[in-house]
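To keep things clear, I will list the structure first and then write my remarks on it.
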Number of protein chains: 2
Amino acid sequence: MNEPRYRRRKEDRPAEITAAAFEAFAENGYDATRVDDVARRAGVSKGLLYLYFKTKEELFKAVIRNFIMPMVDALKTEVESSELSAEAFLRGPFLDFAKRVPKSPAKILVRLLIAEGPKHPDLTAFYWDNVVSQGLSALSQIIEKGVRDGSFRQSALNDFPQLLLSPVMFSIVWSIVFQSKHALDTDKMLEGHIDMILRAIKRNDDQTGAA
Amino acid sequence: MNEPRYRRRKEDRPAEITAAAFEAFAENGYDATRVDDVARRAGVSKGLLYLYFKTKEELFKAVIRNFIMPMVDALKTEVESSELSAEAFLRGPFLDFAKRVPKSPAKILVRLLIAEGPKHPDLTAFYWDNVVSQGLSALSQIIEKGVRDGSFRQSALNDFPQLLLSPVMFSIVWSIVFQSKHALDTDKMLEGHIDMILRAIKRNDDQTGAA
DNA sequence: ATGATTAATGACTAACCAGTCATTAAGAGA
DNA sequence: TCTCTTAATGACTGGTTAGTCATTAATCAT
């Protein structure tokens, strides 16, 4: 009956607290999240939390780091190890990724970045270095590969790989803001987007396909 | 030397306060904005502010309404009064609009909507009714017009006019989060986007043009 | 066993801030 | 000029919360 009040598991604590904090920040954003609430979710006292994280802000940054790293690593390996043609990569792994993100909990990071980024320049810098610039250069590689082997023509995508990502971002924002009231079939939209892009940039060997 | 402490200009006050609040909310977001600060910016006491706006939240909503309404009205008139072909409209007024928004102060509203929307369902609903759904249906009209007169083929844009807007949203988010450190030529990107879209959806009478 | 070490607690405080209200003075009317 | 209405003030309060610290109890070393 008397649950052990003290557990003493120094190694696990930070990860447990970070996970709880992720939940809390995701639900409420930075300001509205109470440190007490994070501690309670982690089954830990506030004092202990402050033993591992000096301030609320440091905790916030730890959350971002912890949950972004794995995603980026996964994407990079996928890109680099793939032997698919550029088109096949866009229709396959890239589309999968694009469909997955707006449904994953990680979408919340976008909200946090937009909402809190301007107040935390170092966090934004971290995000840039570890996520955005790497993601964009991976996409550029794919596109250039397609151009080199003659299957894609030169297009705006060469200068702006962002255009591949913008509907993904849009899906995320939509799902955060409107999804509950105004469902959007993001999977279909993203498929349509890839179809359109490919129709625009493929050299005309054949000119069929896609709705 | 003794500036008049009391000015008594009942009619101007609400607009002055809303303008000050827009600045403050834009800089700091909702939670971090102090009502005292808004009052100071408006050159007014906090007590007076509470004479015109019952709560901070009501003030926030007034800000959104005040700054969104004119934009939407402008866009709607433009769409409805235009006699241009679908392609000309996309390359002209629509592209202008798309270029303008990410540079205007109104872009901040997107940040506020993403950050605070989930906590303010009625505000989100207002935004939907007055901005998003109207904007989308205007775009749908344009696209259908192009399809009807045979210049566009059926495409993903028929189901997802959002695809036209996603790079605009992307530009806004980029400019909020990264612009200071990593400039993006949003004008060029948006031009490239329209070029690609048109290449994808135009029926092949001619198949030349655009980089 | 027994002290030494340190993970963990939670009551406390110092600061902050949305919203109130008793008071002041500007302008309107007579 | 005097009175009445109301725009405008700003000190105050009640509630909230990030961060602290004196204390407690697991675990470890001997």
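Excluded from the calculations below are hydrogen atoms, water molecules and symmetry mates; all remaining heavy atoms, backbone and side chain alike, are included.
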What is the distance from CG of A/Asp31 to P of C/dA18, rounded to the nearest Å?
12 Å

Is there a side-chain contact between A/Tyr52 and the phosphate of C/dA7, meaning an N or O under 4.0 Å from OP1 or OP2?
no

Between P on D/dC21 and CG on A/Leu48, what's the gap in Å once rounded to a whole number?
17 Å

Heavy atoms from C-beta onward define the side chain here; which of D/dT9, C/dA8, C/dA18 lies closest to that of B/Ser45?
D/dT9

Nucleotide C/dC16, atom P - distance to NZ of B/Lys56 in whole Å
15 Å

Whether the side chain of A/Lys46 and the base of D/dG19 hold a donor-acceptor pair under 3.5 Å is what I'd like checked.
yes

Please report the distance, rounded to the nearest Å, between CG in A/Asp36 and P in C/dA11.
11 Å

Side chains of A/Ser166 and B/Ser166: any donor to acceptor distance under 3.5 Å?
yes

With the side chain of B/Arg13 defined as its heavy atoms from C-beta on, choose the nearest nucleotide among D/dA18, D/dG19, D/dA8.
D/dA8

Would you mind telling me which of D/dA18, C/dA18, C/dA7 lies closest to the side-chain atoms of A/Leu51?
C/dA7

What is the distance from CG of A/Asp12 to C1' of C/dA7, rounded to the nearest Å?
13 Å

Answer yes or no for A/Lys145 and A/Phe152: cation-pi contact, defined as NZ/CZ to six-membered ring centre under 6.0 Å and angle to ring axis within 45°.
no

Short side-chain N/O contact from B/Tyr50 to OP1 or OP2 of C/dC21, under 4.0 Å
no

Short side-chain to backbone donor-acceptor contact, A/Tyr30 and A/Glu57, under 3.5 Å
yes

So does B/Thr186 get a backbone contact from the side chain of B/Ser171, meaning a donor-acceptor N/O pair under 3.5 Å?
no

How many Å lie between CD1 on A/Ile17 and C1' on C/dA8, as a whole number?
11 Å

5'-most contact on DNA chain D (nearest-nucleotide basis), A/Ala32 vs A/Lys54, goes to A/Ala32

For the pair made of CZ in A/Arg40 and P in C/dT9, what is the distance, rounded to whole Å?
13 Å

Students often get this wrong, so: under 4.0 angstrom with heavy atoms, is A/Phe53 touching a base, only sugar-phosphate, or nothing?
nothing

Quick note, A/Arg34 side chain, CB onward, closest among D/dA7, D/dG19, D/dT17 is D/dT17

Closer than 3.5 angstrom, by distance alone: can the side chain of B/Ser81 be matched with the main-chain N or O of B/Thr77 as a donor-acceptor pair?
yes

For B/Glu16 and D/dA7, what is the distance between atoms CD and C1' respectively, to the nearest whole Å?
13 Å

